[in-house]
Participant: 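One structure coming up, written as structure tokens, with questions to follow.
We number each residue from 1, following the sequence as shown.
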Amino acid sequence: MLEVSNQPPPLENYDLFSSDPVLRAALVREHGGSALDDLSTLGRQLGTAEMIAAGAEANRNSPVLKSFDRYGHRIDEVEFHASWHKLLGLALNAGLHSGPWVKPRKGAHVTRAAGCYMLAQIESGVYCPVSMTYAAVATLSHSPPLAAEWLPRIYSRVYDPSFRPAAEKTSALIGMGMTENQGGSDLRANVTRAVPYASEGNRRFYRIKGHKWFMSAPMSDAFLILAQTGAGPSCFLVPRWTPEGKRNAIHIRRLKDKLGNRSNASSEVELDGAHGELVGEEGRGIPTIIEMGNYTRLDCAIGTSGLMRQGLAQAVHHARYRRAFQKLLIDQALMTNVLADLAIESEAATVLTMRLSRAYDENDEAALAFRRVVTPAAKFWICKRGPAFAAEAMEVLGGNGYVEEFNLARIYRETPLNSIWEGSGNVMCLDVLRALTRTPAAVAMLLDEVVEPATADPRLRAHLVRLQGEAKQLDEAGARSFVRDLVLALQAALLIRYSSADVADAFCATRLAGDGGAFGLLPAGTNARAIVDRAAPAFSR
């Protein structure tokens, strides 16, 4: 039998955290480093052959809707593959769904961001309910009675996949249903109605009737949804079971047949007089639930950064072993240029998401302004870069990258989701403009982060001048270019401050003063091999 010697071994059984110098350095810088041991443990768990295989199995075996039991009774249950439960259990055990809320301390959101960044590399579908449960805490805080009832369940790290009333379970997950067929991102166009039917102290209960075009993670124990009352769009918590212990009238019409994210169920549902409880004030539902959206938008940027890292790791690992034209791929100048450019993009995404996560650990005026503006901005640009990044990484593997046994095809299908979910690119750019209008001082605060690093690089100085000019004449038509330029300025500043000189110089040369375009256009003189070697995952056979 012919033995083929230049086939790379599978990239498995390695520590996703310790093998990623950019992530480690960002944790030490943004957090202080006290969580390194826990993150390394999680990185080893996620990097095992078992967990990597579980991610692939969960996607090959998509969730199945069981509308009725064998007697014809409506049950509206969703069955998941055992691998899905295994990965979700690991995520909850690590506290990725609630850790920063349970122990609010310096660096808590940064630590969680690093854990989610690694989780996304193995299975992004599981990340969806983890993200929404994490984000729901901010919204539930608007209703102290609901918070008292539900937060202890959300804070539990003991995953319970059973379908029964939340009061009988060891933990709870929260989903979300905002969009409707006729409105999409225009949430004020929602037509689902909520009619009050009971109250208990300051708790107000409603019957909710209508249709949700996307209900994320329908196996969750409760959902935050929007519905119209006489006062306007209002936010409600709608549990899967009523207070009397009966199945709530949440009827799942179908599960969406999605491009990617196939391990996770997204559903279309009918609410047929479902029991719900008001969260916050009537008529203030959109700002109430959008607070949840800010955290899930942060997670979109984190998730895409993680997917970039895994795509880069797979591409570099392949190039270190694969031989063509009498040389290893990594030793061929053109391939090294491509890999180095991917490494630069991945590092820029990582350092910005970790810096943004730190803003969620702080509550001063500057931090609040930073996260109001940079959360939608980072989501827009990082998630917009994701699909092109994944396509280039897949191309490194050639035909193998297009084959499902390799995980780059799955990463490629996954990357568009983060750009679409929780508001597409135009919505994000409009939100940036809105945030700058409401917080006029934010522009100066953000540019302060860039001024000092700009003294070290004339390209960033010139870019900063252009950005200041754009900020004085912001309009909707130019929103995308302004948001792009803002993100690039922040990324360049972070790389100049904290990265290697090779990475920072190449970033400024191509992103600030270059023509953009495809990957692999690094200029002559770039120390591409040093950049690639720095980014290579630590791995042994």
Participant: How are the rings of Trp84 and Phe80 set relative to one another: parallel (under 30°), tilted (30 to 60°) or perpendicular (over 60°)?
Facilitator: parallel
Participant: Under 3.5 Å, side-chain donor or acceptor atoms of residues 40-49 against the rest of the protein: list the pairs with distances, not counting sequence neighbours.
Facilitator:
residue, atom, partner, partner atom, Å
Ser40, OG, Asp15, OD2, 2.5
Ser40, OG, Ser18, OG, 3.1
Ser40, OG, Arg44, NH1, 3.0
Thr41, OG1, Asp37, O, 3.1
Thr41, OG1, Arg44, NH2, 3.4
Thr48, OG1, Gln45, O, 3.0
Thr48, OG1, Met51, N, 3.2

Participant: In the structure I gave you, are the side-chain heavy atoms of Phe223 and Met176 within less than 4.5 Å of one another anywhere?
Facilitator: no
Participant: Is Thr192 close to Lys209 at the side-chain level, that is, under 4.5 Å between some pair of heavy atoms?
Facilitator: no
Participant: Hey, are the side chains of Lys106 and Asp361 touching, using non-hydrogen atoms and a 4.5 Å cut-off?
Facilitator: no
Participant: Just checking, any donor-acceptor pair under 3.5 angstrom between side chains of His275 and Tyr197?
Facilitator: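 Yes, because at least one side-chain N or O of His275 sits under 3.5 Å from a partner of the opposite role on Tyr197.
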Participant: Between the side chains of Glu180 and Lys212, is the shortest nitrogen-to-carboxylate-oxygen separation below 4.0 Å, so that they form an ion pair?
Facilitator: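 Judged by the 4.0 Å cut-off on N to carboxylate O distance, Lys212 and Glu180 do form a salt bridge.
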Participant: Within a strict 4.5 Å, meaning less than it, do heavy atoms of the Leu486 and Trp381 side chains meet?
Facilitator: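 Counting from C-beta outward, Leu486 and Trp381 never come under 4.5 Å.
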Participant: Does Arg112 qualify as a cation-pi partner of Tyr134, given the criterion of NZ or CZ under 6.0 Å from the six-membered ring centre and within 45 degrees of its axis?
Facilitator: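 Arg112 over Tyr134 ring: yes.
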Participant: Identify which one of Ser263, Pro161, Pro129 satisfies the side chain to side chain contact (heavy atoms under 4.5 Å, CB included) criterion when paired with Leu88.
Facilitator: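 The passing option is Pro129.
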Participant: Donor-acceptor pairs under 3.5 Å, side chain of residues 224-231 to any protein atom, not counting sequence neighbours: which ones?
Facilitator:
residue, atom, partner, partner atom, Å
Gln228, NE2, Arg188, O, 3.4
Gln228, NE2, Asn190, O, 3.0
Thr229, OG1, Ala231, N, 3.2
Thr229, OG1, Gly232, O, 3.3
Thr229, OG1, Ser234, OG, 3.2
Thr229, OG1, Glu282, OE1, 3.0

Participant: State whether a side-chain donor-acceptor pair under 3.5 Å links Asp299 with Tyr127.
Facilitator: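 Yes, side-chain donor-acceptor contact under 3.5 Å.
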Participant: Check the pair Arg297, Asp431 against salt bridge (Lys or Arg N to Asp or Glu O under 4.0 Å), reporting the backbone distance first and the verdict last.
Facilitator: CA-CA 12 Å; Arg297 288 170 176 179; Asp431 277 1; 2.6 Å; yes
Participant: Determine whether more than 12 heavy atoms belonging to other residues, nucleotides or ligands lie under 6.0 Å from atom CD of Glu168.
Facilitator: yes
Participant: Using a strict 4.0 Å threshold on nitrogen-to-oxygen distance, state whether Glu57 and Lys86 make a salt bridge.
Facilitator: no
Participant: May I ask you to establish whether Arg371 and Tyr360 are in a cation-pi arrangement, using a distance under 6.0 Å from NZ or CZ to the six-membered ring centre and at most 45° from the ring axis?
Facilitator: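 The answer is yes; both the distance and angle limits are met.
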Participant: Quick one about Thr350 and Tyr117 (side-chain donor to acceptor, distance below 3.5 Å, no hydrogens or angles considered), yes or no?
Facilitator: yes
Participant: OG of Ser419 to CZ of Phe380: how many Å apart, nearest 0.5 Å?
Facilitator: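 If I round to the nearest 0.5 Å, the distance is 7.5 Å.
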Participant: For the atom pair CD (Gln314) and CG (Leu11), what is the distance rounded to the nearest 0.5 Å?
Facilitator: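 Going from the CD atom of Gln314 to the CG atom of Leu11 covers 5.0 Å.
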Participant: Is any side-chain N of the basic residue among Glu149 and Arg153 closer than 4.0 Å to the acidic one's carboxylate O?
Facilitator: yes
Participant: Which residues pass the salt bridge (charged side-chain N to carboxylate O under 4.0 Å, His left out) test with Arg355, not counting sequence neighbours?
Facilitator: Glu449
Participant: Should Asp76 and Arg74 count as an ion pair when the cut-off is N to O under 4.0 Å?
Facilitator: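 Salt bridge present between Asp76 and Arg74.
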Participant: Taking Glu270 first and then Arg253, would you say they form a salt bridge - that is, a charged N and a carboxylate O separated by under 4.0 Å?
Facilitator: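 Salt bridge between Glu270 and Arg253, a charged N being under 4.0 Å from a carboxylate O: yes.
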Participant: Would a 4.5 Å heavy-atom cut-off, applied to side chains only, mark Trp421 and Cys300 as touching?
Facilitator: yes
Participant: Just wondering, more than 12 heavy atoms not from Glu281 lying within 6.0 Å of its CD?
Facilitator: no
Participant: Check the angle between the aromatic planes of Trp101 and His109 and answer parallel, tilted or perpendicular using the 30° and 60° thresholds.
Facilitator: perpendicular
Participant: Could you tell me if Arg372 and Asn294 have a donor-acceptor pair between their side chains, going purely by distance under 3.5 Å?
Facilitator: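 No donor-acceptor contact under 3.5 Å links the two side chains.
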Participant: With heavy-atom distances below 4.5 Å as the criterion, would you say the side chains of Leu433 and Val483 are in contact?
Facilitator: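 Contact flag for Leu433/Val483 side chains = no.
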Participant: Salt bridge between Arg410 and Glu123, side-chain N to carboxylate O under 4.0 Å?
Facilitator: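 Between Glu123 and Arg410 there is a salt bridge, with a charged N closer than 4.0 Å to a carboxylate O.
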Participant: Does CZ in Arg484 sit with more than 12 non-hydrogen atoms of other residues, nucleotides or ligands closer than 6.0 Å?
Facilitator: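 For Arg484, atom CZ is crowded (more than 12 foreign heavy atoms under 6.0 Å).
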Participant: Are Asp364 and Leu368 close enough that some pair of their side-chain heavy atoms sits under 4.5 Å apart?
Facilitator: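 No, their side chains stay 4.5 Å or more apart.
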Participant: Inspect the surroundings of CD in Glu362 and state if more than 12 heavy atoms from other residues, nucleotides or ligands are less than 6.0 Å away.
Facilitator: yes
Participant: Between Gln121 and Leu16, is any pair of side-chain heavy atoms under 4.5 Å apart?
Facilitator: yes
Participant: Does NZ or CZ of Lys256 come closer than 6.0 Å to the centre of the six-membered ring of Trp213, within 45° of the ring's axis?
Facilitator: yes
